[in-house]
**Q** 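Quick one: this structure, given as structure tokens, is what I'll be asking you about.
Here is the naming used below: chain letters follow the sequence lines, and residue numbers restart at 1 for every chain.
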2 protein chains.
Amino acid sequence: MTIRDVARVAGVSYQTVSRVINGHASVADATRRRVEDAIDSLGFRPNRAARELAGKAARSLTVLTSDTSLYGAASTLRGIEEAARTACFAVAVTVLDRHAVPDRDELRTRLARPGEPVVVIAFDAPGVHALRLLPADTPVVAAIERPSDGEAVSTRSQAWLDDRIAAARATRHLLGLGHRTVHYLALPSSTAQVAQRTLGWLDGLRAAGAPEPPEVEGGWTPRTGYLAARELVANPSVTAVLCGNDDVAAGVMRAAREAGRHIPGDLSVAGFDDVPLAAFLAPALTTVRLDFEGLGRTCFGLLHRLLDPSAPAPDPCDEPALVVRESTGPRRGTSG
Amino acid sequence: MTIRDVARVAGVSYQTVSRVINGHASVADATRRRVEDAIDSLGFRPNRAARELAGKAARSLTVLTSDTSLYGAASTLRGIEEAARTACFAVAVTVLDRHAVPDRDELRTRLARPGEPVVVIAFDAPGVHALRLLPADTPVVAAIERPSDGEAVSTRSQAWLDDRIAAARATRHLLGLGHRTVHYLALPSSTAQVAQRTLGWLDGLRAAGAPEPPEVEGGWTPRTGYLAARELVANPSVTAVLCGNDDVAAGVMRAAREAGRHIPGDLSVAGFDDVPLAAFLAPALTTVRLDFEGLGRTCFGLLHRLLDPSAPAPDPCDEPALVVRESTGPRRGTSG
DNA sequence: AGCAGGTGAGTGACCGGTCACATGCGCTCC
DNA sequence: GGAGCGCATGTGACCGGTCACTCACCTGCT
């Protein structure tokens with residue numbers, strides 16, 4: 001089933017069929033109609049590989065992401081896919097192993113061709129690592145935690161959510177409720193540098209002249225939050241905990257409950273992301289909503305412009321928005 | 001950068017390069033090494049489009065899924081991707097609009113070529129619809145809620161989790177705790193037929209001779225569960241609610257709390273899926289764990305065998321497993 | 001009438017691989 | 001020592017499209 005078959009049925013040359021398919025001008029209306037009928041009746045679909053090989057722009061991209069079961073990555077992927085779909089780009093996905101260093105050769109095999117455009121969701125270490133391993137001739141946009149400063153990576157296009165402001169807002173909210181300070185249960189860092197959220201948290205503390213407790217290193221899942229928090233919640237001087245994401249916050253809340261600490265009476269807990277379940281936890285979780293889908297759309301938009309400078313500029317993402325619910329409240333703790 | 005360039009550098013013909021790339025036998029070791037060196041030094045990567053066009057099996061597939069922010073779909077996708085990756089298949093993703101009927105032509109455009117293999121995650125109506133619209137020459141495997149009986153769809157390969165047994169188990173568990181009956185807050189049905197989970201629930205009720213309250217039609221999100229449950233929880237004779245998924249269950253629990261009904265004292269709530277947060281809700285949610293990743297792996301395996309009968313048979317999925325936590329308990333309600 | 005210019009359609013080469021087949025060489029074996 | 005064979009390698013055609021070019025024909029102008 002090729003354009004030649006269609007051409008035969010329509011009684012024209014294969015080139016004319018190609019013209020019709022690509023909406024080229026200078027095809028007589030009658031001819032065009034005849035070709036379209038032939039296409040319909042044969043159920044013809046052009047072969048992407050052939051078209052691509054012959055030099056037509058590929059209109060496809062590959063997303064490199066780690067664990068899509070995490071809300072942030074999954075939502076970003078959705079944003080990318082949605083934007084790509086409206087621009088008629090095909091989206092391929094490769095999931096990176098969360099615990100393994102990505103392999104350069106394997107990574108390259110996943111790319112359809114030299115020059116295949118890539119979006120890397122690089123919120124964690126494997127993603128950042130993969131970003132570095134990509135061949136230099138690859139157009140790539142990275143969704144990252146923070147803009148790099150002067151790293152080699154900075155030659156690449158990047159997009160990010162303003163984690164620093166997000167963390168600062170949450171911290172300010174908690175301090176505004178009267179807490180002496182805010183403890184921070186961080187996500188594993190994606191780079192050797194200090195994470196933006198950590199900086200934002202410190203911004204908030206410093207602006208209020210609050211003490212700066214050491215950051216607690218955690219994981220991505222509720223379980224890691226739960227484990228890391230058991231120590232924290234046993235300390236009565238801890239009255240406000242900011243968590244790296246909502247899942248972790250749920251784990252912290254459970255640890256608090258088990259330690260007999262009431263939320264928000266004895267302990268305020270806040271998260272990041274605003275996952276769909278956040279409003280339905282008990283108590284409903286105060287969190288910072290992050291526009292991951294917008295980030296995904298932005299990433300695609302940047303990539304699109306990289307390939308075709310006449311493509312429209314992507315819409316900006318929503319600013320991080322604090323969503324105050326029930327899990328944070330005035331300090332009423334047992335001690336200071 | 002083509003095999004011809006590599007050939008020139010290695011001092012062999014392009015065909016020999018092709019042989020080396022494809023691990024063909026009958027290439028002298030010395031030659032092979034020379035070619036490999038040339039490939040490495042040039043950073044050569046074969047062009048997938050060219051290879052595919054020239055008749056090599058494509059080793060790619062497209063996943064059609066609706067909203068990947070739902071745990072079931074996201075996990076199934078992950079399973080597919082993982083299995084595909086180990087078999088060196090590229091995975092393209094197209095997300096279907098949850099609220100729109102998929103368009104036949106648009107769907108076909110998303111397929112790379114006639115004959116592109118497809119996995120449809122058809123848990124909901126758009127997925128089931130998309131399945132029907134796929135061209136007949138497309139190898140397709142569907143992850144569905146239930147095996148079709150005698151429908152046109154049945155000519156396709158299918159995989160499913162045993163929702164009926166899952167629902168029956170949860171229902172039996174609740175009845176075993178002394179509840180007169182179990183109310184069921186269902187997911188939107190994907191077909192016109194009675195859902196498997198509904199049947200399993202009825203199985204459980206009938207085996208115990210329990211009354212059969214009408215099924216309540218709900219949605220997929222916590223919010224829909226919350227809204228649908230407000231009426232249900234106001235009725236004191238309702239002491240056990242089985243929910244279509246964990247998100248919905250979280251919504252129901254919130255509605256119950258607001259109605260002053262204690263869980264599990266006044267009301268037992270159970271869900272489906274066992275999302276990562278389920279164990280960290282308050283109270284921790286009793287649910288039926290469903291092996292979505294296994295389902296995804298199975299789907300890929302079936303598709304692989306469809307394309308290549310000598311491919312290994314996929315491992316079976318885990319059986320649905322009831323995970324009893326805190327949200328279900330003995331009936332102790334105010335009335336009967 | 002003669003010619004420039006535009007329109008609709010066709011021809012051949014090519015993209016980067018693969019396949020089927022041809023070839024050259026060294027070996028065994030009668 | 002030549003036939004027969006297997007191994008290593010090279011040659012030409014082809015996959016299904018696109019591009020650059022050519023060509024036939026019609027129109028309108030001088």
**Q** With a 4.0 Å cut-off, would you call B:Arg113 and B:Glu116 a salt bridge?
**A** yes

**Q** Look at the side-chain N and O atoms of B:Ser13 and state whether any lies under 4.0 Å from the OP1 or OP2 oxygen of D:dG10.
**A**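 Checking B:Ser13 against D:dG10: at least one side-chain N or O falls below 4.0 Å of OP1 or OP2.
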
**Q** Between A:Arg85 and A:Glu81, is there a side-chain N and carboxylate O pair less than 4.0 Å apart?
**A** yes

**Q** Output the rounded distance in Å from CZ (B:Arg32) to P (D:dA8).
**A** 9 Å

**Q** Tell me whether B:Arg297 is salt-bridged to B:Asp315, with the criterion being a basic N under 4.0 Å from an acidic carboxylate O.
**A** no

**Q** In whole Å, I'd like the distance from the CZ atom of B:Arg59 to the P atom of C:dG17.
**A** 18 Å

**Q** Can you measure A:Arg33 atom CZ to C:dG8 atom P for me and round it to whole angstrom units?
**A**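 Rounding to the nearest Å, CZ of A:Arg33 and P of C:dG8 are 13 Å apart.
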
**Q** Using 4.0 Å as the upper bound for N to carboxylate O, is an ion pair formed by A:Arg8 and A:Asp5?
**A** yes

**Q** Report yes if a donor N or O on one partner sits less than 3.5 Å from an acceptor N or O on the other, where the partners are the side chain of B:Arg51 and the base of C:dG16; otherwise report no.
**A**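 Absent.
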
**Q** Which part of the nucleic acid, if any, lies within contact of B:Arg48, taking any heavy atom under 4.0 Å across all strands shown: a base, the sugar-phosphate backbone alone, or nothing?
**A** nothing

**Q** Under 3.5 Å, is there a donor-acceptor pair between the B:Ser69 and A:Arg78 side chains?
**A** yes

**Q** Between B:Ser18 and C:dT18, is there a contact of a side-chain N or O with OP1 or OP2 at under 4.0 Å?
**A**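 For C:dT18, OP1 or OP2 has a side-chain N or O of B:Ser18 closer than 4.0 Å.
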
**Q** Using heavy atoms to find the nearest nucleotide of DNA chain C for A:Ser26 and A:Tyr14 separately, return the residue whose nucleotide is more 5′.
**A** A:Ser26

**Q** I need the CE-P distance between A:Met1 and D:dC15, as an integer number of Å.
**A**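 Computing the A:Met1:CE to D:dC15:P distance gives 15 Å.
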
**Q** Choose from D:dC15, D:dT9, D:dG16 the nucleotide whose nearest atom is closest to any side-chain atom of A:Ala54.
**A** D:dG16

**Q** Considering every strand and a 4.0 Å limit on heavy-atom distances, what is the contact class for A:Arg113: base, sugar-phosphate, or nothing?
**A**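 Contact class for A:Arg113: none.
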
**Q** In this structure, how many angstroms lie between the P atom of C:dT18 and the CG atom of A:Leu53, rounded?
**A**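 Between P of C:dT18 and CG of A:Leu53: 12 Å.
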
**Q** Assign each of B:Ala50 and B:Ala25 to its nearest nucleotide of DNA chain D by heavy atoms, then name whichever residue's nucleotide is nearer the 5' end.
**A**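 With B:Ala50 and B:Ala25 compared, the 5'-side residue is B:Ala25.
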
**Q** Quick check for you: among D:dG16, C:dG17, C:dA9, whose closest atom lies nearest to any side-chain atom of A:Arg19?
**A** C:dA9

**Q** Rounded off to whole Å, could you give me the NE2-to-P distance for the A:His24 and D:dA20 pair?
**A** 9 Å

**Q** Return no unless some side-chain N or O of B:Thr31 is found under 4.0 Å from OP1 or OP2 of D:dA8.
**A** no

**Q** Out of C:dA20, D:dC15, D:dT18, which has the shortest distance to the side chain of B:Gln15?
**A**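 Selected nucleotide (nearest to the side chain): C:dA20.
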
**Q** Between C1' on D:dA8 and CZ on B:Arg34, what's the gap in Å once rounded to a whole number?
**A**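 After rounding, the gap between these two atoms is 12 Å.
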
**Q** Respond yes when some side-chain nitrogen or oxygen of A:Asn47 is under 4.0 Å from OP1 or OP2 of D:dC15, and no when none is.
**A** no

**Q** Rounded to whole Å, please give me the gap between CZ in A:Arg8 and C1' in D:dG16.
**A** 13 Å

**Q** Which one, C:dT18, D:dG17, D:dG10, comes nearest to the side chain of B:Val12?
**A** D:dG10

**Q** Quick check: closest heavy atoms across A:Pro126 and A:Pro102, and the distance to 0.1 Å?
**A** O-CG, 3.6 Å

